[in-house]
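Notes follow the structure.
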There are 2 protein chains.
Amino acid sequence: MADDRPIRRTLRIAEVAKLAGVSTATVSRALTDPGKLRPKTLALVEEAVRRTGYTPNLAARSLRARRSMVVLVVVPDIGNPFFADVLRGVEEALSAAGYGLLIGNLGPGAHKPAQVLDIVQAGQVDGVLLLNGNVPRDAERSLDRMDVPLVAICEAIPGVTFPQVEVQNREAARQAAELLIGLGHRRVAYLSGPAGNILEAERFGGFCEGLAAAGIAGPVARYRGDFTFAAGGAAAEEFLRAAERPTAVFAANDEMAIGFLKTVRAAGIAVPEALSIVGFDGIAFADYVEPMLTTFRQPRRALGNEGARLLVEAMGGHPSTARVRMPVELLVRASTGPLLG
Amino acid sequence: MADDRPIRRTLRIAEVAKLAGVSTATVSRALTDPGKLRPKTLALVEEAVRRTGYTPNLAARSLRARRSMVVLVVVPDIGNPFFADVLRGVEEALSAAGYGLLIGNLGPGAHKPAQVLDIVQAGQVDGVLLLNGNVPRDAERSLDRMDVPLVAICEAIPGVTFPQVEVQNREAARQAAELLIGLGHRRVAYLSGPAGNILEAERFGGFCEGLAAAGIAGPVARYRGDFTFAAGGAAAEEFLRAAERPTAVFAANDEMAIGFLKTVRAAGIAVPEALSIVGFDGIAFADYVEPMLTTFRQPRRALGNEGARLLVEAMGGHPSTARVRMPVELLVRASTGPLLG
DNA sequence: CTGAAAGCGCTTACAG
DNA sequence: CTGAAAGCGCTTACAG
């Protein structure tokens, strides 16, 4: 039978100590550094903890020990499935190391950089994981001048010295060019992400390199996008209006590739017979559009895991300047094919 | 020119008080309850805060004030885009009320219920938002016996008294039946979510009711699923093997509907000519499959907003037993059509 | 290996 | 309206 009395939330370390017949210092040690105690003493405390169901008050612990065991994760958009997957990896690694996860959503209508800075300045977190491609700052403050470990993942941040984990964007984009060229395409277009975005710059740069290596000056068109489905549709409208259309498109992410695909097919363009399309990211949906999308699968969970791991090390006093660049996997599907006619 | 010195993290309230020429009590009041101060005194403090860039230490504040201004959000799977969208709404409302957001991921390989209970017992959060359809408990403890405000959203929890926010699952499922019947279908199938899931039960129940109202005994087939793409594909295999196939399928969510759609189309089944498909949720991707999926759009962000709002009220000492049931919107698309032949 | 005691940085009755 | 002071519940030098 379960006991139906509400659990007393105000159980303190002193009561556990009393029950175990030791000092509060000993209880504290049993909980944070059991190796320091005699096995016999430890057993006494453990039994008392078990019997009382004691859990230390974290505010008190964090005030006294000057660490919170919480990490702030700054995401550009918590609603984006790409980041959700990365967060899964982050959560896994942090939770295994005993850290909690505070989410800072730097998207439109959400947190402002100042709020992120406040959280750090308030001593609320022991480290910050940045998925947003820049160092949060306001008029007076900048996160990298606060004394807190930082790690950037997914989107690299140029010119900083803290660890970063990203994928081989440039190499992959180059590979996209090679794939299309190998299929006979020469009039290729590029569907870009938001201007100023580092991923965008890397992917565009790599794509151009790949083209150049085959003696192609560059894409015949560069459509402006912002990583959304809608941007893909808009780019497709532009494509459809062109006098001489490209025969292949490389989109800087899957959402845009899918938006593009839908609009051109609705207009009667056969994919891949008349147009090849390549995306980037390898989101789950890429498997369910028709035709299945050729794309690059990012190791989203591994990105999150590795970033969290580096942050845990830094918080433990082992900072690094590691710059990890993980490979992506090209998935050749039905949305790309040889140039016909 | 920005000042490049690292920000001193150890600025305390005493220094601000000294600079303003007041007591620490006054600084504290200026920050938490400015109405209590004379405008002149308040201005003095504000100027000192501005000049020093002071941010109170939250561990100290939370230890002394006995509240943390942080909410624990328990999600079944942080990687699921559906929840990510709801979280966006939650984050919005909580952040506007000054609360932070701690994520507890109760998915496989992530947090265990015991960890959630520990967080609450440690006084780390002022309230808990449950998106997982049950009350976390372990061998000795149950969250609803801890003295903390609770609100359930998305998945209702039977038999509890705290506020809940869900959608009109039963009504919508009934409407799905009516839609299909109106199109002439009588041999309809149901693709279910995981057994024991409350959403699943409501949607199945409503669907059966809708059929019954038209004199149909029930679905001719009930495929077992678990809300994943893969489950949809597996159900489709079962569908394809049937001697006499249903002419319409209602899936308990969009992912399964999309998985089903892909597999039957690959097998040469024309949708909607030979088979109508209805999903549930209205995820973004439902707009990008071919044919576009008929589904019910859930107000994901609004669900999150409303749930967070109720929790903020409860944490402010205004508990309610509100049970909000938000409407969903039927989106009739190309995946449903009249029975032909 | 263990304990007594100071103190982390706030908030809040209490008093005036 | 404001201040002096106690105290939230821990951890950790320090001493033994």
Side-chain angles (χ1 to χ4, degrees), chain A residues 8-46 48-49 52-70 98 118-126, chain B residues 8-46 48-49 52-70 98 118-126:
Chain A
R8 234 187 112 201
R9 295 186 68 200
T10 49
L11 184 71
R12 284 146 308 169
I13 195 169
E15 303 169 49
V16 180
K18 196 170 175 187
L19 184 64
V22 299
S23 71
T24 59
T26 298
V27 176
S28 177
R29 289 188 191 108
L31 261 25
T32 56
D33 198 356
K36 278 194 176 166
L37 299 186
R38 251 194 357 221
K40 214 168 170 178
T41 315
L42 181 58
L44 240 42
V45 176
E46 277 171 347
V49 167
T52 53
Y54 171 70
T55 312
N57 176 303
L58 288 194
R61 173 176 274 185
S62 127
L63 174 60
R64 180 57 235 231
R66 301 170 153 286
R67 50 199 214 122
S68 63
M69 296 307 284
V70 173
D118 282 350
I119 288 169
V120 173
Q121 218 181 316
Q124 206 175 164
V125 297
D126 294 341
Chain B
R8 231 185 114 203
R9 295 186 67 199
T10 50
L11 184 70
R12 283 146 308 168
I13 196 169
E15 303 169 49
V16 180
K18 196 170 176 186
L19 184 65
V22 299
S23 72
T24 59
T26 298
V27 175
S28 177
R29 290 189 189 106
L31 260 26
T32 56
D33 197 357
K36 278 194 174 166
L37 299 186
R38 251 194 358 221
K40 215 167 166 178
T41 315
L42 181 58
L44 239 42
V45 177
E46 279 173 343
V49 167
T52 54
Y54 172 69
T55 311
N57 177 303
L58 287 193
R61 173 177 274 183
S62 130
L63 174 60
R64 180 56 234 232
R66 302 170 151 285
R67 50 197 213 122
S68 63
M69 296 306 285
V70 173
D118 282 348
I119 288 169
V120 173
Q121 218 181 316
Q124 205 173 166
V125 297
D126 294 341

Between Thr24(B) and Leu63(B), which residue's closest nucleotide on DNA chain D lies nearer the 5′ terminus? Thr24(B)
Lys40(A) NZ - dC1(C) C1' separation (whole Å): 13 Å
Without decimals, in angstroms, what is the distance between Ile13(B) CD1 and dG3(D) P? 12 Å
State which of dC10(C), dG9(D), dG3(C) makes the closest approach to the side chain of Tyr54(B). dC10(C)
Are any non-hydrogen side-chain atoms of Arg61(A) and Leu31(A) less than 4.5 angstrom apart? yes
Distance in angstrom units between Asp33(A) CG and dC1(C) P, rounded: 11 Å
Can you check the distance between dG16(C) and dT12(C), where both ends of the measurement are the C1' atom (answer in whole Å)? 16 Å
With a 4.0 Å cut-off on heavy atoms, is Ser62(A) in touch with a base, just the backbone sugar-phosphate, or nothing at all? nothing
May I ask you to say what Ala65(B) touches in the nucleic acid, namely base, sugar-phosphate or nothing, with a heavy-atom cut-off under 4.0 Å? sugar-phosphate
Closest listed nucleotide, where the reference is the side chain of Arg29(B) and the choices are dA4(D), dC10(C), dG3(C): dA4(D)
So, under a plain 3.5 Å distance rule, would you say the side chain of Arg66(A) forms a donor-acceptor pair with the base of dG7(C)? no
Nearest to the side chain of Ser28(B) - dT12(C), dC8(D), dC10(D)? dT12(C)
About how many Å separate CZ of Arg29(A) and OG1 of Thr24(A), when rounded to the nearest 0.5 Å? 9.0 Å
Strictly below 4.0 Å: does Arg61(B) bring a side-chain N or O up to OP1 or OP2 of dT11(C)? yes
What's the closest nucleotide to the Ala25(A) side chain, out of dC10(D), dG7(D), dA5(C)? dA5(C)
Paired with dA4(D) by Watson-Crick or G-U wobble geometry, both distances under 3.5 Å: which nucleotide is it? none
Toward the 5' end of DNA chain D, by each residue's nearest nucleotide, Lys36(B) or Ala60(B): Lys36(B)
How many whole angstroms separate atom CE of Met69(A) from atom P of dT11(D)? 12 Å
Taken to the nearest 0.5 Å, the spacing of Ser28(B) OG from Leu37(B) CG works out to 9.5 Å
Under 4.0 Å: is that the gap between some side-chain N or O of Ser23(B) and OP1 or OP2 of dA4(D)? no
Under a 4.0 Å threshold between the charged nitrogen and the carboxylate oxygen, would Arg12(A) count as salt-bridged to Glu15(A)? yes
Is a donor on one side and an acceptor on the other found under 3.5 Å between the side chain of Ser68(A) and the backbone of Gln124(A)? yes
Looking at dA4(C), dA5(D), dC1(D), which one has an atom nearest to any side-chain atom of Arg38(B)? dC1(D)
